[in-house]
Amino acid sequence: MPLALLALAVGAFGIGTTEFAMMGLLPDVADDLHISIPAAGHLVSAYALGVVIGAPLLAAATARMSRRTVLIALMGLFVAGNALSALAPDHHWLLAARFLSGLPHGAFFGVGAVVATGLVAPQRKARSVSLMFLGLTVANIAGVPVATLVGQHLGWRAAFLGVSVIGVAAIASLFLLIPQAPAHTPSGGLRGELAALRSLPVWLALGTTVAGFGALFSAYSYIAPMLTDAAGYAEGSVTLLLALFGVGATVGNLLGGRLADHSLRGTLFGGLVSLVVVLALFPVLMGAQWSAAVAVTLLGTAAFVTGSPLQMMVMEKASAAPSLASSANQAAFNLANAGGAWIGGLALAAGFGATAPAVAGAGLAVVGIAVAGAAYAVDLSRTARPARRARVVATRVPDRQGALRP
């Protein structure tokens, strides 16, 4: 695998750290800025909103630029957003800075996925995407816990400054390792790129992302109360258990990339079915501490097995606009984050127990399987049409007068 993938992974590591570290820093931010925890929670939403808005807009706006230049510029915007977060004088400024930090997130992963697949042979494309995503999953093992510890001991502003330093390192890596390429010119211009997103298979692939990862976030958003209330863990143990989720996500990401190069559709369906099984078993697995730890690890593995296949599927279905479609998939991922957390919260508020969000997540994963099945059926029907036409043409033979007849 090319060393250039390391530069993409460094950028993904920084993005993953700043996205998830805020959850652990919320109490410190709330205390320092004299706001409530729910008000501080809006900082998480502001970042996600930035991802959803920025992913398609920035990908479309930079469609004609060199992808290396785009990646460096996006990481520069990331550094600026995190530096401004560290310097924010009040809650409102921090909200704006977090929104700014989220803007380059989706476009970076979207354009980065296209660059990664262009660096390797066709039979290794999914694996190259998984290696870029490796930075995101490793951030949950190392980056987020370290940022949380730094924030608790040196202040939350120091944590964001540290993330800015990671961003600067990513810029240097991108400049040195990503090969220079001519400016990318879409075949149909910007209008052609946007038109590529009108395809039904593209929207079905994006819908699978929303439902599949919505299933993950329905459970993961409430994993702490599950571990403390259902499994009986002390609150201080939750950070270590979340690192186990990161380990599982890393294993699943690498496994999914390797398997998807052999069978894209099979890996996707296998991952979604595994996710249904793991989430459905959560009420049982949370009955003991050892099995709860296993459940958290398996959740990360099952969910992230589907990451590379979904990214590759969206890119294939929108081959005329891979950067834009790939970035839109990152927006879908963050919609899944918000929607899954909302559905899991409804299940929890309904009084069905601490593990109810996981059961709701299993239902969402079933929806994901249904949407993926619909996408497969559409592909089969579109493949069958040319074959039927070819058979009809092949049976038309000339009669004795030379006229064609069936």
Side-chain angles (χ1 to χ4, degrees), residues 48 51-52 55-56 106 109-110 113 126 129-130 133 196-221 249 252-253 256-257 259-260 263-280 282 299-319 321-322 324-344 346-347 357-385:
V51 178
V52 172
F109 278 108
V129 172
S130 72
F133 284 156
L197 294 184
R198 297 175 188 169
S199 167
L200 177 60
V202 172
W203 284 101
L204 288 174
L206 293 174
T208 305
T209 297
V210 172
F213 276 94
L216 165 65
F217 286 109
S218 177
Y220 186 69
S221 301
N253 174 55
L259 293 176
S263 175
L264 186 66
R265 190 86 61 175
T267 304
L268 175 59
F269 278 109
L272 289 173
V273 170
S274 300
L275 189 57
V276 172
V277 172
V278 171
L279 288 171
F282 249 61
L299 177 62
T301 303
F304 277 85
V305 160
T306 65
S308 297
L310 282 169
Q311 194 75 21
M312 289 299 302
M313 189 171 297
V314 171
M315 290 165 61
E316 286 183 0
K317 300 307 177 188
S319 56
L324 183 57
S326 184
S327 300
N329 194 49
Q330 294 302 311
F333 180 88
N334 277 268
L335 286 175
N337 189 339
W342 177 67
I343 291 175
L346 290 179
V359 179
L364 280 174
V366 171
V367 174
I369 294 173
V371 177
Y376 184 46
V378 169
D379 284 350
L380 287 178
S381 65
R382 294 192 174 194
T383 303
R385 287 174 196 164

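The first residue in the sequence is number 1, and the count goes up from there.
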**Output field: ring centroids Phe213/Tyr220 closer than 6.0 Å** = no

**Asked** With ring centroids as reference points, do Phe133 and Phe109 lie under 6.0 angstrom apart?
**Response** yes

**Closest contact, heavy atoms only, Ala215 versus Ala365** = CB-N, 3.6 Å

**Prompt:** At their closest point, which heavy atom of Ile343 faces which heavy atom of Ala360, and how far apart are they?
**Reply:** CG2-CB, 4.2 Å

**Fill in**
Scanning both residues in full, the closest heavy-atom pair of Ala205 with Val314 reads CB-CG2, 3.6 Å

**Complete:** Tightest non-hydrogen contact, residues Ser218 and Gly361, listed as OG-N, 3.5 Å

**Request:** Without swapping roles, check the side chain of Gln330 against the backbone of Ala55 for a donor-acceptor pair under 3.5 Å.
**Result:** no

**Asked** Is any side-chain heavy atom of Leu200 less than 4.5 Å from a side-chain heavy atom of Val378?
**Response** yes

**Thr306 and Leu275, any side-chain heavy atoms less than 4.5 Å apart** = no

**Asked** Looking only at heavy atoms, what is the nearest atom pair of Ala358 and Ala219, with distance?
**Response** CA-CB, 3.9 Å

**Message:** Between Asn337 and Phe333 (side chain of the first, backbone of the second, donor and acceptor by atom type, cut-off under 3.5 Å), is there such a pair?
**Reply:** no

**Request:** Using a 4.5 Å cut-off on heavy atoms from C-beta on, say whether the side chain of Asn253 contacts that of Ser308.
**Result:** yes

**Request:** Heavy atoms only: give me the nearest Thr267-Ala260 pair and the separation to one decimal.
**Result:** OG1-N, 3.4 Å

**Request:** Measure from the side-chain N and O atoms of Thr208 to the backbone N and O of Leu204, and report whether any donor-acceptor pair falls under 3.5 Å.
**Result:** yes

**Message:** For the OG atom of Ser326 and the CD atom of Glu316, what is their distance to the nearest 0.5 Å?
**Reply:** 12.0 Å

**Prompt:** Between CG of Leu310 and CG of Leu268, what distance do you get to the nearest 0.5 Å?
**Reply:** 5.0 Å

**Request:** Quick one: pull up OG1 in Thr209 and CE in Met313 and give me the separation to the nearest 0.5 Å.
**Result:** 9.0 Å

**Request:** Might you confirm whether atom CZ of Phe269 has over 12 heavy atoms from other residues, nucleotides or ligands at distances under 6.0 Å?
**Result:** yes

